[in-house]
Amino acid sequence: MRISNLSKTYRLKSGEVRALNDVNMELPENGTVFILGKSGSGKTTLLNLLSGLDSADEGSVIEVGGKNIVTCSRAERDGYRNSHCGFVFQEYNLIPELDVKENVGLSLELQGNKDNKSAVENALKLVELEGYGNRKITELSGGQKQRVAIARAIVKDPKIVFADEPTGALDSDTGEMVMKLLKNISKDRLVIIVSHDKEFAEKYGDRIIELSDGKVVSDSDGEHTESEQQQKDFKKPKLPLKTAFRIGSSTFRLHPIRCLISVLLSVIAFAFFGASFNMVTADMRSNYLKAVRDSEMQYAVIAKEEVKQSGLVDNSLDRFFGADTRDWYTMPLTKSDAEILQRIYGHSICKIFNVRAFEFNNLFGMPYKQIYEETVDLKDYYAPSTSGFCNIDEAACEEFGFSVIGRLPQNKSEVAINDNMLNSFIWGGLIDDGAVVNIKCAEDIIGKKIYVEQPTVNENGNFGAIIAGKFKTVVGVVNTGCDKRCYEMHAEIEYHPHDKIYISDDLNDAYGLFTVPITNNFEALADFVLDNEENNTRYVFLYATSLGYYGAAANLVIYKSLFLYLGIIFFVISFALLIRFIVVSIRSQMKQIGILSAMGADYKNIFAIYGCCVGVICLVVYIIAMMLCAVVTLIINGVVMRESYAGFSVLSFNPFTVLLLLATVAVAGIGSLIIAFVNVKKATTISLINRGQLNENIQLKQDL
Ligand code: ADP
Ligand code: MG
């Protein structure tokens, strides 16, 4: 190895330090070379330059293979260390995540040598640590650690072993043993030992070079023996993914509590970010339509409302977020409303008058309650009351699947009844002129008169009082195909056309409700009904599922803008937390990376370690955040539903959340990976080790 004009200057903020000044020497291919000198004389600097751990400013170092490691590429320098160099550091620099045999074996693994069991055993035998293969690094004494380090250095049979103060941390007896070992292995290789111990140097050194202020001041063997140099290629370093993964995921094992807290914090932030996204992108209408479909309801009920600005002045935050501060009042529906809806939907409409609780059980001379309780089996076929009147035409009958015996009413003096009501008359008889007439079938009741109350509309077009009843002639029986059980099962029994008395269209012009069948193009109608406000009037659906739709819509406006801000905040927090966590985790790995780099690992290997580290963190955060996000979304949905009295899920888990969170986590992960990687690329190997050591010391202080 020939060193010519080698110089190195450290540039600091406080000035420049010329650590090496024009060093020239020729080193042999084997034997021990001691570099002596006072602290700060440049020994370590020289060693780092010879081993390619650091880069020189000037000069050349021609290694045995013939390459100049000062001017060659970084990849070549990595290869040089990987192929030819072994290291023994003062602080041992073993990798704590790996056990003894793995630490030693790593040297070989980096050379692409997988089957290394016997080589590792031989190396351990050489340093007298047979049987220590499975020990953890933390279970070794200082001397044992240094011997493991020597085994690691020589296992790959390097041409040069660099040892920087290898006995500095050891007592003299152990130091002696380590020196003997180094002397021993120098038979077939060059061993360069930095030391300030003159005694050791004289005892074990084949040659002693003394430095002072970065200059060679004495050399026990100044002769230059030019050795034959042939150009050789270096081995490309390899690192098995398994080992990369073990080192990369070690943060979790080394600092479980810190990791748990960090993961938890980022998970919470991510989950709330995802939930905010779900809120902001909530598609209430499609959730609502899905709920309608899932309910298997057969009829939709439509009403009309007038909306007016609420008399109360609302200065609350709700208003700031754009809340609807209006009240609404039910209005009568008209024939032209029916025409509009029919045009949109195409299906028949059953028009229902706004009168309910019409009791006609007094027709039977026996109160409903009594009948109901005493004749249990009859209650299924008995209509004790009806909730109103409706108008229905032949086309509607067909669409609803109703058949008619007799005919539908044509004027105000006529009515039709439903089959269920007919059953009641068959059971209880009909009081006609004070006498009870037996009814056996539909034909028996046609032509008879029954007592019916009827609604009025006042001059404002609103519903007025129910006027006194009138006797009307039954002209038909509408077979709705539904018995009482069916009514009871139907959630919206009040509104649907089964149990109504059918009256003619000309009774009056104002209807309370419309009933339409729910068909597969219901969405077209829903789109119209849910978005039709004009001149402060609107159509609304009116059944259990539609309950709270407008309330929820109004609340959602508030929540959406609120969660938009929250979402942005959560986004920033989750992003920052994750990056911080990753950067801290990577930083805690810096020394290991440096050691690996000293052993010859290249960018790809280091990237694999960072990649594993980041991958593990991101995956854990992502999976837990995803689950928590689903839970949070559910909880928020529950709150919104309760607050709006909604009969359907207002909020649902947006499938895009899966991608959004993945993308955010990935961007944070890849971002910090790039940051870390750029940092490593800028740094020299030795500065990685030193900075890593510094971080560890700081961490130690924090832990204490
Ligand atoms: P030795 O190993 O002989 O104690 P070093 O080679 O470590 O000496 O240091 C030589 C000189 O270079 C010293 O003055 C030291 O302060 C300085 N030096 C060493 N490393 C650095 C560094 N990374 N940055 C700045 N100055 C350094
Ligand atoms: Mg030193």
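Only heavy atoms go into these numbers, but all of them, side chains included; no hydrogens, no water, no symmetry mates. Both ligands and their constituent atoms are indexed starting at 1 by order of listing.
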Any side-chain donor near an acceptor of the partner, [X] and [Y], under 3.5 Å:
X    : Y    : result
N30  : K187 : no
N48  : T45  : no
N278 : T633 : yes
N654 : T657 : no
Y204 : E199 : no

Neighbouring residues of ligand 1, heavy-atom cut-off under 4.0 Å | Y10, L12, V17, A19, K38, S39, G40, S41, G42, K43, T44, T45

Does a side-chain N-to-carboxylate-O contact under 4.0 Å join R189 and E29?
-> no

Give a yes/no answer: is there an N/O/S atom of T45 under 2.8 Å from the Mg ion (ligand 2)?
-> no

